[in-house]
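Written below as structure tokens is the structure these notes are about.
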Amino acid sequence: MLQVPFIREHKADIITRLSKRNIDATEMIETVLKLDEDRRGFQTQLDNILAESNSISKEIGMLFKSGKVAEANDLKEKTGQLKEDSKTLSDQLNETTEALNQLLYKIPNVPNAIVPAGNTDEDNEEVYREGDVPVLPEGALPHWELAKKYDIIDFELGNKITGAGFPVYKGKGARLQRALIAYFLDKNTQAGYTEYQLPHLVNEASGFGTGQLPDKEGQMYHVTEDNLYLIPTAEVPATNIFRDEMLNESDLPIALTGYTPCFRREAGSYGAHVRGLNRLHQFDKVEILRVEHPERSYQALDEMVEHVKGILQELKLPYRILRLCGGDLGFTSALTYDFEVFSTAQDRWLEISSVSNFETFQANRLKLRFKNAEGKKQLCHTLNGSSLALPRVLAGILENYQTEDGINIPEALIPYTGFDKI
RNA sequence: GGAGAAAUGGCAGAGUGGUCGAAUGCGGCAGUCUUGAAAACUGUUGAGGGUCACACCUCCGGGGGUUCGAAUCCCUCUUUCUCCGCCA
């Protein structure tokens with residue numbers, strides 16, 4: 001969420017930049033400022049009343065001590081009205097604060113100046129493209145056909161055990177999954193990211209900390225018995241490591257990586273777009289996350305983009321990088337780069353990574369701060385990205401590396417798979 | 001799952017109704033001493049709101065209550081520890 005003082009000082013600029021998301025925030029911003037003013041007014045009044053009753057209480061204590069019981073009892077009478085007033089005011093204060101917060105939760109992050117205007121993914125700006133699209137043999141198959149042909153992923157079995165969107169990986173398919181996870185984690189730790197193993201279920205406070213709650217509750221599987229949620233991405237447990245933390249400037253930057261399965265309910269879409277591995281309820285992902293000094297965060301974003309590029313180049317997959325337009329930008333992000341790998345057999349691009357700078361948007365909600373050189377408290381910047389999401393990378397490998405007599409394994413992965421062909 | 005104990009500042013740990021935002025120790029920071037460092041000594045050191053700055057308000061695991069007044073009493077939730085049971 002945005003910080004109120006920031007809104008107060010940059011009102012016009014914020015409205016202009018939010019318009020890139022195709023929203024007119026004028027009214028929301030004005031209401032925020034009004035509610036904040038009310039809030040402070042109630043707070044001041046309440047403080048004054050509390051100050052008065054505190055001093056009366058002290059006086060009563062003194063009178064009792066010196067044996068002046070009658071005078072003390074007289075004073076007690078006076079507190080009745082104060083109590084009533086403070087009750088009324090604290091109710092008003094709570095209501096106003098609540099209304100203010102509810103509104104703040106609804107305002108998305110302010111896009112960075114270089115975010116292109118636009119409504120849909122059509123308007124995203126391609127900033128980079130690399131890798132040759134292979135010329136596939138006659139009769140090249142989409143990955144779900146390949147999965148069946150070589151018996152490495154069984155979608156029907158997943159249906160039987162759980163339901164649609166929970167594939168079962170078998171034999172070399174399972175091994176390839178494991179190889180990819182190990183390979184990604186190795187690449188990340190070599191680049192300085194500390195490896196973490198994180199919980200796959202999180203509590204309400206964590207869901208709230210990263211913004212899945214209260215609004216996007218439906219995206220997560222909810223274990224009602226214990227009021228826990230299955231994570232939709234490692235971002236949730238990883239970012240919540242830092243909830244309510246006060247770091248030292250020397251702790252920054254922090255870089256970590258973790259592999260987790262991800263669980264998404266995402267109802268809605270049907271057909272070719274959700275076919276095979278394209279969209280699942282459970283999938284594997286290796287995530288990278290950074291906590292940065294505000295002055296360094298965009299440099300960090302570039303480093304993360306370069307890092308993901310390096311992995312895709314080593315896997316020799318054709319990919320492109322998009323700078324997301326305002327309309328496609330995630331709620332919490334100020335600037336996002338999406339990586340897409342080309343699915344030759346499907347003749348379409350598949351998103352495999354999304355790298356974002358959230359600036360202080362998450363940190364404000366999380367209360368993630370550091371003490372700067374002058375000893376002042378300042379919000380950190382947070383960033384994260386996938387490196388990488390497994391199913392679509394797998395789809396890309398299967399489709400782009402298929403030959404008439406089997407699927408080749410990218411050279412970089414062979415030490416991890418122990419075989420070079422499926 | 002059953003029985004019991006506990007939750008206080010960066011950490012350890014006092015505090016059972018008023019002058020307690022909280023003793024003391026450790027740690028941190030600044031200074032004295034020293035060629036420098038260590039030791040010793042002196043001072044300083046929680047968070048949030050509010051103010052030009054003060055004042056002032058809130059916070060002793062979370063929530064609610066009793067009282068003129070709560071870290072302290074009551075209810076409730078959560079977490080941790082010990083013992084028993086179960087278990088990879």
Side-chain angles (χ1 to χ4, degrees), chain A residues 1-9 32-101 103-104 197-209 213-214 222-229 237 240-252 254 261 291 360 363-380:
Chain A
M1 62 201 267
L2 298 175
Q3 299 167 85
V4 174
F6 176 76
I7 295 176
R8 205 184 298 143
E9 284 160 35
V32 163
L33 294 178
K34 173 77 170 66
L35 285 170
D36 181 57
E37 206 181 314
D38 292 350
R39 200 206 89 229
R40 283 180 293 155
F42 289 135
Q43 181 79 65
T44 307
Q45 289 180 60
L46 178 62
D47 285 358
N48 290 338
I49 286 172
L50 290 175
E52 199 179 338
S53 44
N54 283 346
S55 86
I56 290 177
S57 289
K58 260 179 199 165
E59 215 174 315
I60 291 174
M62 309 261 243
L63 289 171
F64 271 125
K65 210 153 240 185
S66 53
K68 297 173 181 164
V69 178
E71 288 178 44
N73 284 329
D74 283 350
L75 265 185
K76 276 196 198 177
E77 310 275 309
K78 283 177 68 177
T79 59
Q81 185 62 45
L82 288 174
K83 265 194 152 179
E84 257 177 56
D85 292 350
S86 76
K87 181 82 175 71
T88 315
L89 275 168
S90 76
D91 286 349
Q92 284 173 307
L93 177 64
N94 290 338
E95 278 167 33
T96 310
T97 307
E98 183 58 23
L100 175 61
N101 285 334
L103 191 53
L104 285 171
Q197 284 206 13
L198 297 157
H200 301 167
L201 282 92
V202 293
N203 59 29
E204 222 174 0
S206 292
F208 181 81
L213 299 175
H222 186 195
V223 182
T224 51
E225 184 80 13
D226 300 292
N227 198 24
L228 296 173
Y229 295 85
N240 275 283
I241 291 172
F242 303 101
R243 174 151 45 89
D244 293 322
E245 283 297 311
M246 176 72 74
L247 304 170
N248 294 313
E249 188 164 357
S250 58
D251 296 329
L252 302 175
I254 292 169
V291 181
T360 60
N364 188 36
R365 204 188 255 224
L366 290 164
K367 295 199 172 56
L368 165 54
R369 293 165 301 169
F370 71 99
K371 272 199 176 122
N372 66 21
E374 293 90 58
K376 293 259 190 196
K377 289 170 277 278
Q378 221 180 320
L379 290 171
C380 301

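Below, read A as the first sequence line, B as the second, and so on, with proteins coming before strands; counting in each chain starts at 1. A quick note: this is a predicted structure, and the numbers were derived from the prediction, not measured.
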Output yes when a side-chain donor or acceptor of A:Arg365 lies under 3.5 Å from a complementary backbone atom of A:Phe208, and no otherwise.
->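 Yes.
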If every non-hydrogen atom of A:Leu247 is compared with every non-hydrogen atom of A:Cys380, which pair is closest and at what distance?
-> CD1-SG, 4.1 Å
Side chain to side chain donor-acceptor pair (under 3.5 Å): which pairs involve residues 84-95 of chain A, sequence neighbours left out?
-> A:Gln81-A:Asp85, A:Lys87-A:Asp91
Distance between the [atom1] atoms of [N] and [M], in whole angstroms?
N: B:G28; M: B:C11; atom1: P; result: 15 Å
N: B:C74; M: B:U67; atom1: C1'; result: 12 Å
N: B:U51; M: B:G61; atom1: C1'; result: 32 Å
N: B:G4; M: B:C57; atom1: C1'; result: 40 Å
N: B:A5; M: B:C75; atom1: P; result: 13 Å
N: B:G25; M: B:U80; atom1: P; result: 33 Å
N: B:G49; M: B:A55; atom1: C1'; result: 14 Å
N: B:A3; M: B:G15; atom1: P; result: 29 Å

How far does CG of A:Leu368 sit from CD1 of A:Ile254, to the nearest 0.5 angstrom?
->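 The CG atom of A:Leu368 sits 7.5 Å away from the CD1 atom of A:Ile254.
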Only pairs with both distances under 3.5 Å count, Watson-Crick or wobble alike; so what is the partner of [N] in this structure?
N: B:A5; answer: B:U80
N: B:U24; answer: B:A12
N: B:U32; answer: B:A40
N: B:G18; answer: B:C68
N: B:A53; answer: none
N: B:G46; answer: B:C59

Produce a footprint string for nucleotides 46-71 of chain B: one letter per nucleotide, 5' end first; B if the base is under 4.0 Å from any protein heavy atom, S if only the sugar-phosphate is, - if neither.
-> -SSBS-----SSS---------BS--
Would A:Gln43 and A:Asp47 count as having a side-chain donor-acceptor pair, cut-off 3.5 Å?
-> yes
Can you find a heavy atom in the side chain of A:Val32 that is under 4.5 Å from one in the side chain of A:Leu100?
->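 A:Val32 reaches A:Leu100 side chain to side chain.
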Side chain to side chain contact (heavy atoms under 4.5 Å, CB included) filter on A:Asn101, not counting sequence neighbours, yields A:Met1, A:Thr97, A:Leu104, A:Tyr105
